[in-house]
Asker: 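Got a structure here, written out as structure tokens. Questions coming.
Note: hydrogens, waters and symmetry copies are ignored here, and every other heavy atom, side chains too, is used. The first residue of the sequence shown is numbered 1, and numbering continues consecutively from there.
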Amino acid sequence: MTSALGPAAMPAAGSGALTDAGAAEGAVGDTSDGLRLWYATPAADWEREALPIGNGALGAMVFGTLASERLQFNEKTLWTGGPGSKGGYDFGNWRAPRPGALDGVRAELDAEGRLAPDAVADRLGQARRGYGAHQTFGDLHIDVPGAPAEPGAGYRRALDLAQGLATVTYEHQQVRHQREFFASYPHGVIVGLLFADRAGEVTCTLRYSSPRADSTATADGDRITVRGALADNGLAFEAQLRVGHRGGTRVADADGSVTVTGADSVWFVLAAGTDYADTYPRYRGDDPHADVTRTVDKAVAAGHAALRARHLRDHRALFGRVALDIGQAMPADVPTDRLLKEYGGGASPADRALEALFFQYGRYLLIASSRAGSLPANLQGVWNNSTTPPWSADHHTNINLQMNYWPAEAANLAETTAPYDRFVEALRAPGRRTAEEMFGSRGWVVHNETNPYGFTGAHDWSTAFWFPEAAAWLTAQLYEHYRFSGSTDYLRTTAYPVLKEAAEFWLDNLRTDPRDGKLVVTPSYSPEHGDFTAGGAMAQQIVHELFTNTLQAARVLGDSRAFRAELERTLADLDPGLRIGSWGQLQEWKADLDDRTDEHRHVSHLYALHPGRQIEAGSAYADAAKVSLLARGDGGTGWSKAWKINFWARLRDGDHAHRMLGEQLTSSTLPNLWDTHPPFQIDGNFGATSGIVEMLLQSQHGVLDILPALPASWPDGSVSGLRARGGATLDLTWAAGRATRVAVRASRTRELTLRSTLFPGGTKTFRARAGQRHVFG
């Protein structure tokens, strides 16, 4: 039968829409812009080789296999566990009262100084129940009969970062075949197109598969409908695919597949959803059928050309804000996996091309995995091929969720923080209950990790279960958004209520340390390392930052004098978590327990250096932080190396920061440029992008610091579109390691101070006018 989608919706051979698609794909071999990952063979491994597309809520991995193209796809809210889980669900709260348990641990720490993690977990932890895990939605297969067994010399599989397009090109029997896939945020769908340069050459069958037996797939006309409910918790889910074609015939098969034969082109639109809602305590909303149907049909009515054009406008509007030139030159005909394998530490233009690509890849991944209207980027962004993914593919809050958003503001992607803001806001209700039941206090709290169902309590993995400072750390991103934007409306309506409640929790839970009379967090645990103590450095630094941010916000908004006075008094009595030890190190614990031979991957006690701002470069504490970093070494897992890029940049050591970037690329990056812990964890990608920004621009201390940690490997270059706190966008140019030109555009009228060798005396203070471009040099 002919296409039910209609001639206007389908690109015809030689039409403008198809020509546009062909032109985009025709540029696959042209790597002059350096913003494309490409490969000469199909992907054989999901984690290492497949290429990601996403629109925040939906994600897919493109394999580029010829006989049967595979798009493994995800929807962020498809999660087991939570309310309705067959194993029961308790939000991590104690299932029976434990009077005196917390005070008992505190008393023992006062007496003994330290406690083994197992001993504390026995008293304060409990086995998780109904926590759940993110689920793969399944796989869309596009079977192509007669496709070549081997890819051949004309094969290209690519991901264009600037356009958000995944493409596959190959030649077979003198016919050039092309495929293009993208995830549209404006329309909420994944879109695919298959075409050839000879009429009637596209024949394919589209079908769905899943590793779970909890759904059915049916086909009717041009529509495939996948419908089911998770066996664990009854969460309803649905996906719909509509298939269009130009020329040829189409048949809906009884097995739930659709086959198109002898077409000039085939395209499809895929949408998916669940009945999840981020509302405590049920976490259920409307059945997804109506919304999925409406989304697919609206996209089909728009037509492929309009979908593609709007996707490109939307994606480019975000991605195109920042351009980086560090003297890179992408070598011709060198695929990305070989470029990575041959990376030599930044010595060549090809090395710098990989570094610049890696920077922009982090920005691409954040756009693809975090857009308004869905959950924030998780441990794997939005991509997951498993029913039992590592660490549930959840939101770890002892650094990972926070690290995902480190580049959002400075790398000019502030819009991507909307899901984060909503997620943190949604944690307040369950977090209040945990604060009341476990701590007997005001405010809200969350511990080491959480899920979409408001898990704010504790579990019993002894070295990663107790971290009530997580809520305070989560608020830091909200305050950073205010510092970059300057919006008092955002501060009043979004950030401050969350900050204030987190501060109230700690006003109730700090205890006086009998050793010196200072207020401390007890029990405290430096993430995944050492024993429990009172007043651990990271805990103190996080609470110090929370109180500092909350007090500043309270002053801006004119909150009650009594509350401000309470914060001021508490800050004055709070142990700041900064102490220099016997071998010159910044201490991880209040007692001098650090071992100079310890190379643990976490360097949590340097929080005050980054992402915090208590420590300034050149200070005695900065020198002590350097001693600690040198002792820990340059090893670690992917995210750890990424954090060290940021640490060294904050210490103004660009060469060491660059060395850490090289370490991450050579030993913690997969061929598709995903970061590996191992296994794959996306936070390392985001942390590396953040670190590169920190090498070029810093503003955490109120001064716009130009090229504070420029490595010798990048002597000449430029960057445009970076954002600074205070509402400024900067373009920078440098030569022979020194700034030659600085352009600043402020979003509001205010006084700004620049620090650069470009200015006599090293700084320049000027009055920036809103919307006006100020150029120096």
Asker: Tell me the closest heavy-atom pair linking Ala393 and Trp79, and the distance in Å.
Answerer: O-CZ2, 3.7 Å
Asker: Between Arg223 and Asp220, is the salt bridge (charged side-chain N to carboxylate O under 4.0 Å, His left out) condition met? List the steps.
Answerer: CA-CA 5 Å; Arg223 190 187 308 263; Asp220 182 16; over 6 Å; no
Asker: Please tell me whether His481 and Tyr490 form a close aromatic pair, meaning their ring centres lie under 6.0 Å apart.
Answerer: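 Yes, ring centres under 6.0 Å apart.
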Asker: Looking at Arg483 and Glu480, is there a salt bridge between them, counting it only when a charged N and a carboxylate O are closer than 4.0 Å?
Answerer: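 The answer is yes: the pair qualifies as a salt bridge.
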Asker: Among Glu449, His602, Glu528, find the one that has a side chain to side chain donor-acceptor pair (under 3.5 Å) with Asn398.
Answerer: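 For Asn398, the side chain to side chain donor-acceptor pair (under 3.5 Å) check succeeds only for Glu528.
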Asker: Is it the case that the ring center of Trp391 lies less than 6.0 angstrom away from the ring center of His677?
Answerer: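 Centroid distance His677-Trp391: below 6.0 Å, so yes.
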Asker: Is the charged tip of Arg212 near the ring of Phe237: under 6.0 Å from the six-membered ring centre and within 45° of its axis?
Answerer: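 Yes, Arg212 lies over the aromatic ring of Phe237.
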Asker: Give the table of side-chain donor-acceptor pairs shorter than 3.5 Å for residues 400-408, with sequence neighbours excluded, one pair per line with atom names and distance.
Answerer:
| unit_1 | atom_1 | unit_2 | atom_2 | d |
| --- | --- | --- | --- | --- |
| Asn400 | ND2 | Asp683 | OD2 | 2.6 |
| Gln402 | NE2 | Thr397 | O | 2.9 |
| Asn404 | ND2 | Ala377 | O | 3.0 |
| Asn404 | ND2 | Asn378 | O | 3.1 |
| Tyr405 | OH | Ser370 | OG | 2.6 |
| Tyr405 | OH | Ala377 | N | 2.9 |

Asker: Mind checking the CD1-CD spacing from Ile190 to Glu75? Nearest 0.5 Å is all I need.
Answerer: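 So the CD1 of Ile190 and the CD of Glu75 are separated by 10.0 Å.
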Asker: Counting neighbours of CZ on Arg227 that are heavy atoms of other residues, nucleotides or ligands and sit closer than 6.0 Å, is the number greater than 12?
Answerer: yes
Asker: Are Tyr479 and Tyr482, when compared by the centres of their aromatic rings, separated by less than 6.0 Å?
Answerer: yes
Asker: Under the 3.5 angstrom rule, does the side chain of Gln540 hit a backbone N or O of Val521 as a donor-acceptor pair?
Answerer: yes
Asker: Does the separation of the ring centres of Trp674 and Phe680 fall below 6.0 angstrom?
Answerer: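 Yes, ring centres under 6.0 Å apart.
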Asker: Please find the pair of heavy atoms, one from Leu413 and one from Leu318, that lie closest to each other, and give the distance.
Answerer: CD2-O, 3.8 Å
Asker: Restricting to side chain to side chain contact (heavy atoms under 4.5 Å, CB included), what partner residues turn up for Ala231, sequence neighbours left out?
Answerer: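 Per chain and number, Ala231 pairs via side chain to side chain contact (heavy atoms under 4.5 Å, CB included) with no residue.
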Asker: By side chain to side chain contact (heavy atoms under 4.5 Å, CB included), which residues pair with Ala133, not counting sequence neighbours?
Answerer: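 Only Thr80, Gln135, Pro389, Ser392 meet the side chain to side chain contact (heavy atoms under 4.5 Å, CB included) criterion with Ala133.
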Asker: Do you know which of Thr293, Thr225, Thr295, Asp297 makes side chain to side chain donor-acceptor pair (under 3.5 Å) with Gln240?
Answerer: Thr293
Asker: Between Trp46 and Asn384, is there a donor-acceptor pair closer than 3.5 Å when you use the side chain of the first and the backbone of the second?
Answerer: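 It does not hold such a pair.
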Asker: Checking Lys76 side chain against Ser369 main chain: does a donor-acceptor pair fall under 3.5 Å?
Answerer: yes
